[in-house]
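Keep in mind that what you see is a predicted model, and the values were worked out from it rather than measured. As the structure lists them, so they are numbered: ligands from 1, and atoms in each ligand from 1. Quick note: numbers below take in every heavy atom, side chains included, and nothing from hydrogens, waters or symmetry partners.
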Amino acid sequence: MFSAITTDLDRCRQLLKSGEVVAIPTETVYGLAANCMDDTAVEKIFKTKGRPTFNPLIVHIHSVEQLQVLTKNVPEKAKLLARKFWPGPLTLILPKNEKVSDLVTAGKPTVGIRMPNHKLTLELLAGLDFPVAAPSANPFTRVSPTSAQNVNQYFGDAVTVLDGGPCIIGLESTIVGFEDDLPVIYRKGGVAIEEIEACVGNVKLYIREENTPVAPGMLGKHYSPKTPLLLSQNIEKSLSEFKNKKIGILSYYRDDYSGSLVTKVLSQSKNLKEAAHNLYQYLHQLDAMNLDIIIAEELPEVGLGRSINDRLQRAQNS
Ligand code: TXA
Ligand code: MG
């Protein structure tokens, strides 16, 4: 019987070869993949996701050698970062060569590239003679999917999903570009900024100017549940402000707040990796509960806590 969720690598490979879109597992979030060398296939990604074409896509590769197919003049620090963090939750923004289409890069002279750390997807990619472009497999602005079921709930049988289980990291990749030799963080993500600095020294944090997003993952509203979300530094105070409302709490480590219908605890042991892993699953679950509001607790601004706070801030801007 046909099922949109599958573990059949050959079937997924055939679909990709014939220019179709397939959702693929990665360690960060599921991606909506298509042949990056085929504009008609790439167009299907934008259409399926409802994503504006000014927002460029990340290309996924399975070996460092594939960089040559896509880029030119790779900065030394980019090579260091690739060696240290690939396969893994790091995207590098690099000067593209003429083979990469303007549709993938939204007309930019650079292309975002990463090597995902997921066995099934690396195997899938190794059997293709082209890399795939893949944004997160959610409709534009919605919460990213971290399971095959999440993807299926968004797109139904219209999109075949390669089921690689729940995403281990659960938060999108950290995006690093370069201004001459200076690494610039365009999006906080699965690799902590502190780890990037330990590898290549000082970095610059990209600050978005209004209405000119370089990485539209930086667009204000993004990663949003349908339910209104408030990012709070003081859960008790926020609870008192929403009396008589159906409240869901997304707490860092405490489970003893009273006055809400439900509390989801990101990590009882205050482990930021565990918190990142649980973040989107809990947002999906809370969003399905018909709550009036989700009150999310701000995490410590260190390591992956910074990446999680970034997503919660954007989820709040709806
Ligand atoms: O972990 C991830 O990065 C996931 C998985 C599927 O790999 N992908 C992902 O893709 O999060 P997406 O499209 O949802 O977010 C990618 C972000 C977008 O905000 C896009 O604007 C930015 O990367 N981006 C891509 N290419 C870029 C470029 N050349 N310059 C600046 N930003 C770029
Ligand atoms: Mg996304």
Side-chain angles (χ1 to χ4, degrees), residues 21-34 36 42 45-46 48-62 70-71 78 85-97 100-118 121-122 124-125 131-148 150-151 154 161-162 164 167-179 184-191 206 208 212-224 276 279-280 307 310-311 314-315:
V21 161
V22 173
I24 56 168
T26 83
E27 78 284 30
T28 59
V29 302
Y30 275 70
L32 200 57
C36 82
V42 173
I45 298 178
F46 285 102
T48 306
K49 215 179 134 75
R51 175 171 179 146
T53 48
F54 64 72
N55 195 346
L57 306 177
I58 295 174
V59 174
H60 294 65
I61 59 176
H62 66 86
L70 305 163
T71 61
F85 295 106
W86 281 356
L90 172 76
T91 294
L92 294 170
I93 306 289
L94 301 170
K96 80 173 194 81
N97 67 25
V100 181
S101 120
D102 281 341
L103 186 62
V104 171
T105 67
K108 289 180 200 303
T110 53
V111 57
I113 303 179
R114 86 178 192 97
M115 192 193 299
N117 188 13
H118 194 291
T121 288
L122 289 173
L124 175 79
L125 295 179
V132 299
S136 53
N138 50 281
F140 185 54
T141 77
R142 300 291 300 283
V143 177
S144 300
T146 55
S147 73
N150 290 159
V151 181
Y154 279 142
V161 189
L162 177 61
C167 301
I168 299 290
I169 305 270
L171 194 69
E172 293 85 351
S173 60
T174 301
I175 302 183
V176 181
F178 297 87
E179 282 175 11
V184 182
I185 309 284
Y186 286 110
R187 178 177 72 185
K188 298 169 190 167
V191 179
Y206 182 81
R208 176 176 64 104
T212 55
V214 167
M218 314 189 78
L219 284 172
K221 178 181 154 68
H222 225 96
Y223 313 104
S224 302
L279 177 70
Y280 288 151
S307 308
D310 172 84
R311 297 304 187 276
R314 291 173 209 283

Taking [atom] as the point of reference, which of [options] owns the nearest heavy atom?
atom: atom 15 (O) of ligand 1; options: Glu27, Arg187, His118; result: Arg187
atom: atom 28 (C) of ligand 1; options: Thr121, Leu90, Ile93; result: Ile93
atom: atom 20 (C) of ligand 1; options: Asn55, Val100, Ile58; result: Asn55
atom: atom 25 (C) of ligand 1; options: Ala137, Gly112, Pro56; result: Pro56

(message) For the OG1 atom of Thr28 and the CD1 atom of Ile169, what is their distance to the nearest 0.5 Å?
(response) 8.0 Å
(request) Could you tell me which residues satisfy side-chain hydrogen bond (donor to acceptor under 3.5 Å, both in side chains) with Ser136, sequence neighbours excluded, listed by chain and number? (result) Lys49, Asn138
Side-chain ([X]) to main-chain ([Y]) donor-acceptor, under 3.5 angstrom:
X: Arg311; Y: Lys188; answer: yes
X: Ser307; Y: Gly189; answer: yes
X: Thr174; Y: Val191; answer: yes
X: Arg187; Y: Ser173; answer: yes

(message) For the CD1 atom on Ile168, are there more than 12 heavy atoms of other groups (residues, nucleotides or ligands in this structure) within a distance under 6.0 Å?
(response) no
Per-residue contact class, [X] against ligand 1 - non-hydrogen pairs under 4.0 Å:
X: Leu57; result: backbone
X: Thr110; result: both
X: Glu172; result: both

Just wondering, do [Y] and [X] contact through their side chains at under 4.5 Å, heavy atoms?
X: Asn150; Y: Tyr30; answer: no
X: Val59; Y: Leu57; answer: no
X: Ile61; Y: Leu125; answer: no
X: Met115; Y: Leu122; answer: yes

Atom indices of ligand 1 within 4.0 angstrom of [X] heavy atoms, with elements:
X: Ile175; value: 17 (C), 22 (C), 23 (O)
X: Thr28; value: 1 (O), 2 (C), 4 (C), 5 (C)
X: Arg114; value: 1 (O), 2 (C), 3 (O), 5 (C), 7 (O)
X: His60; value: 5 (C), 6 (C), 7 (O)
X: Arg51; value: 12 (P), 13 (O), 14 (O), 18 (C), 20 (C)
X: Lys108; value: 28 (C), 29 (N), 30 (N)

Should [X] be counted as touching ligand 1, given the test is an N or O pair under 3.5 Å?
X: Lys49; answer: no
X: Ser173; answer: yes
X: Thr26; answer: no

(request) Could you tell me whether Arg114 and Glu27 make a salt bridge, using a distance below 4.0 angstrom between a side-chain N and a carboxylate O? (result) yes
(request) Return the orientation label for the Tyr223 and Tyr280 ring planes: parallel under 30°, perpendicular over 60°, tilted otherwise. (result) parallel
(request) Write down the atom of Ala33, the atom of Ile45, and the distance for their closest heavy-atom approach. (result) C-CD1, 4.2 Å
(request) Could you grab the protein N, O or S atoms closer than 2.8 Å to the Mg ion (ligand 2) for me? (result) Ser136 OG
